[in-house]
Amino acid sequence: MKASQLILGTQRENPADAEIISHQLMIRAGLVRQVSSGIYNWLPLGKKILQKVENIIRKEMDVAGGQEILMPMVQPASLWEDSGRIDQYGQELLVFLDRHENKFCLGPTHEEIITDLCKNLLTSYKQLPVTLYQIQTKFRDEIRPRFGVMRSREFLMKDAYSFDLDKDGLDRSYAIMKETYIKIFDNLGLDYRVVKADSGAIGGSDSEEFHVLADSGEDLLAFSDKSEYAINAELLTELQEGQDAYSLDGKPSPDGKGLLRLKKGIEVGHIFKLGKKYSQTLNLRIQGENSDIHPEMGCYGIGASRIVAAAIEQNHDEKGIIWPKALAPFEVAIVEVNPKKKEEISIQCSDIYNLLKENDIEVLWDDREKRPGVKFHDMEVIGTPITVIIGERTLETGEIEIKKRLDEKPQLVSHQDLISAIKTN
RNA sequence: CGGGGCAUAGCGCAGCCUGGUAGCGCACCUGCUUUGGGAGCAGGUGGUCGCAGGUUCAAAUCCUGCUGCCCCGACCA
């Protein structure tokens, strides 16, 4: 893509009302713009990144046998009355009337809808086990939205629901999803932890959370430095009333192995064993071998839009974002330096641009009529992993300058080594 | 919901105290000169000063009410 044709929307100054770094950088890099409290527009660059997150999730969900569907954002409130959650969820559930004065709500999650759907869809135990998922907008009317898309009211989420004949089946489906989540977060290239968690308003028995480690996280995690022990600090039974969880840092781990470490995390994924909670209250029955059964359900969420913010919290410097390779909106930026000096500069840019595209490398050619410094700064705030610099200096030598986002200085490579130099990065 | 703060051009801000023709920097447009790390000069575009009411000859400025947004807390998948 040529930068002259892209609505970039980069800004030089931090917005006054953005407090945390990911929020500031998302606005400065032209990823999002605020519409209202907790409600955002996603600009071309931001949407591109969001799409990368979605595709990484989608790929592993499909590998795990998940089947993608799309459920509505607007849901009949009556389903929430049936499940009993209309009161439990409280004001976070945005309820409104349609023109016939029927009560509807904006879906904050989809257990009710999926269970209702499966009452018609699943008729025999032979269809089990099955996992259905969607990537879709959720709306939760948060008391206090904050930190940009980190805690917004409207956000993009992947939610999956598994249906099994019995508890053993649920255990298997849950284990598959946990493995899938580990692959997804590995592929995203983020530093994360899986911890035991509280199942909260969703309900059910076992649940685990996936947290991206970052100092700005809203959750405190406790884990052993020697074992698999890891738990959301709010569940620590070792804590006395009023005791600060941090005081346990360095103390022996509750499982007797190693020492406890405490770190802040951003919750980006949560998996639950729901059991029969919804299949019973909403009366989802499936024909079993002998008689009807209420299937065992699990549900599995990933905050797609929150991952974008969390990735930035974890990967940035004073210049801007440093994207993990998997999330970068463009893998390579070409900075065209002073093309008016020699027409060969633009020609070489064009050649390299086409070469990269032929090699399936996503490239942004900064062909804007801007001074070099502006382009360098923009590419750094956007956080492209590699910048190719084409200018008068290197025209004659035949070598090409490439600069990695984290390197101080560029390196020179020959024309024929360019692709391998980029791909081995 | 409790406490605090803010609201003036796309962004960052000044002006308000002491009422008198709406400003600055960045961005944007035109031209010239520049050009390897956020250029210079000249010209230009863009505003119901959050909304409503009041005081006044006159309100961005003073008064009242409202709304929106941000931060801390409570709460939260």
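Labels below follow one simple rule: chain letters A, B, ... track the order of the sequence lines, proteins then strands, and each chain is numbered from 1.
- In this structure, A/Ser36 reaches the B/rC69 phosphate: one of its side-chain N or O atoms is under 4.0 Å from OP1 or OP2.
- Regarding A/Asp17, its CG atom lies at a distance of 11 Å from the P atom of B/rC69, rounded to whole Å.
- A 4.5 Å side-chain heavy-atom check between A/Ile321 and A/Leu31 finds at least one atom pair inside the cut-off.
- Here ring pair (Phe, Tyr, Trp, His ring centres under 6.0 Å) pairs that include residues 295-354 of chain A, with residues two or more places apart or in two chains, are A/Tyr353-A/Trp365.
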Name the pairs: protein N/O against N/O of nucleotides 25-33 of chain B, kept only if under 3.5 Å.
from: B/rG25; atom 1: N2; to: A/Glu13; atom 2: OE2; distance (Å): 3.0
from: B/rA27; atom 1: OP1; to: A/Arg12; atom 2: NH2; distance (Å): 3.3
from: B/rC28; atom 1: OP1; to: A/Lys370; atom 2: NZ; distance (Å): 2.3

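- Residues A/Tyr278 and A/Arg85 bring a donor and an acceptor atom of their side chains to less than 3.5 Å of each other.
- In this model, a side-chain donor or acceptor of A/Glu401 finds a partner on the base of B/rG36 within 3.5 Å.
- Every ring pair (Phe, Tyr, Trp, His ring centres under 6.0 Å) that A/Phe210 has, sequence neighbours left out, goes to A/Tyr181, A/Phe185.
- For A/Thr109 and A/Glu111, the side-chain atoms include at least one donor-acceptor pair closer than 3.5 Å.
- Of the residues in residues 327-337 of chain A, those placing a heavy atom less than 4.0 Å from an atom of RNA chain B are A/Val337, in numerical order.
- In this entry B/rC13 has B/rG23 as its Watson-Crick or G-U wobble partner, both defining distances falling under 3.5 Å.
- A straight line from CD of A/Glu369 to C1' of B/rA39 spans 15 Å, rounded to a whole angstrom.
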query: Could you walk me through whether A/Lys138 and A/Glu154 pass the salt bridge (Lys or Arg N to Asp or Glu O under 4.0 Å) check?
result: CA-CA 6 Å; A/Lys138 299 278 185 273; A/Glu154 188 175 310; over 6 Å; no
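- Between the side chains of A/Asp417 and A/Ser420, no donor N or O sits under 3.5 Å from an acceptor N or O.
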Exercise answer: donor-acceptor pairs, residues 342-350 of chain A side-chain atoms, under 3.5 Å, sequence neighbours excluded:
from: A/Ser346; atom 1: OG; to: A/Glu336; atom 2: OE2; distance (Å): 2.6

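- Taking atom CZ of A/Arg33 as the reference point, atom C1' of B/rC11 lies 8 Å away to the nearest angstrom.
- Between A/Phe104 and A/Val95, every side-chain heavy-atom pair lies at or beyond the 4.5 Å cut-off.
- Taking the nucleotide of RNA chain B with the nearest heavy atom to each of A/Ser152 and A/Pro410, the more 5' of the two is matched to A/Pro410.
- Taking atom CD1 of residue A/Ile21 and atom P of nucleotide B/rC71, one finds them 15 Å apart after rounding to whole Å.
- Of the two residues contacting RNA chain B, namely A/His23 and A/Glu408, the nearest-nucleotide position lying further toward the 5' end is that of A/Glu408.
- Atom pair A/Glu142:CD and B/rG73:P shows a separation of 15 Å (rounding to whole Å applied).
- The distance between atom CD1 of A/Ile7 and atom P of B/rG10, rounded to the nearest whole Å, is 17 Å.
- Dashed line: the shortest gap from a side-chain N or O of A/Ser37 to OP1 or OP2 of B/rG68 is not under 4.0 Å.
- Side-chain polar atoms of A/Ser414 and A/Glu399 form no donor-acceptor pair below 3.5 angstrom.
- RNA chain B lies under 4.0 Å from at least one heavy atom of each of the following residues of residues 373-383 of chain A: A/Gly373, A/Val374, A/Phe376, A/His377, A/Asp378, A/Glu380.
- Looking at heavy atoms from C-beta onward, A/Thr384 lies out of side-chain contact with A/Val332 at the 4.5 angstrom threshold.
- Pairing for B/rC41 goes to B/rG31, judged as Watson-Crick or G-U wobble with the two contacts each under 3.5 Å.
- Judged by distance alone, with hydrogens and angles left aside, A/Arg144 brings no side-chain donor or acceptor close enough to the base of B/rC71 to form a pair under 3.5 Å.
- The pair A/Glu68-A/Arg58 meets the salt-bridge criterion, since a charged nitrogen lies less than 4.0 angstrom from a carboxylate oxygen.
- Atom CG in A/Asn14 sits about 10 Å away from atom P in B/rC13, given to the nearest Å.
- Contact between the side-chain N/O atoms of A/Gln34 and the OP1/OP2 oxygens of B/rC70 is found at a separation under 4.0 Å.
- Going from atom CG of A/Asp141 over to atom C1' of B/rC1 covers 14 Å, rounded to whole Å.
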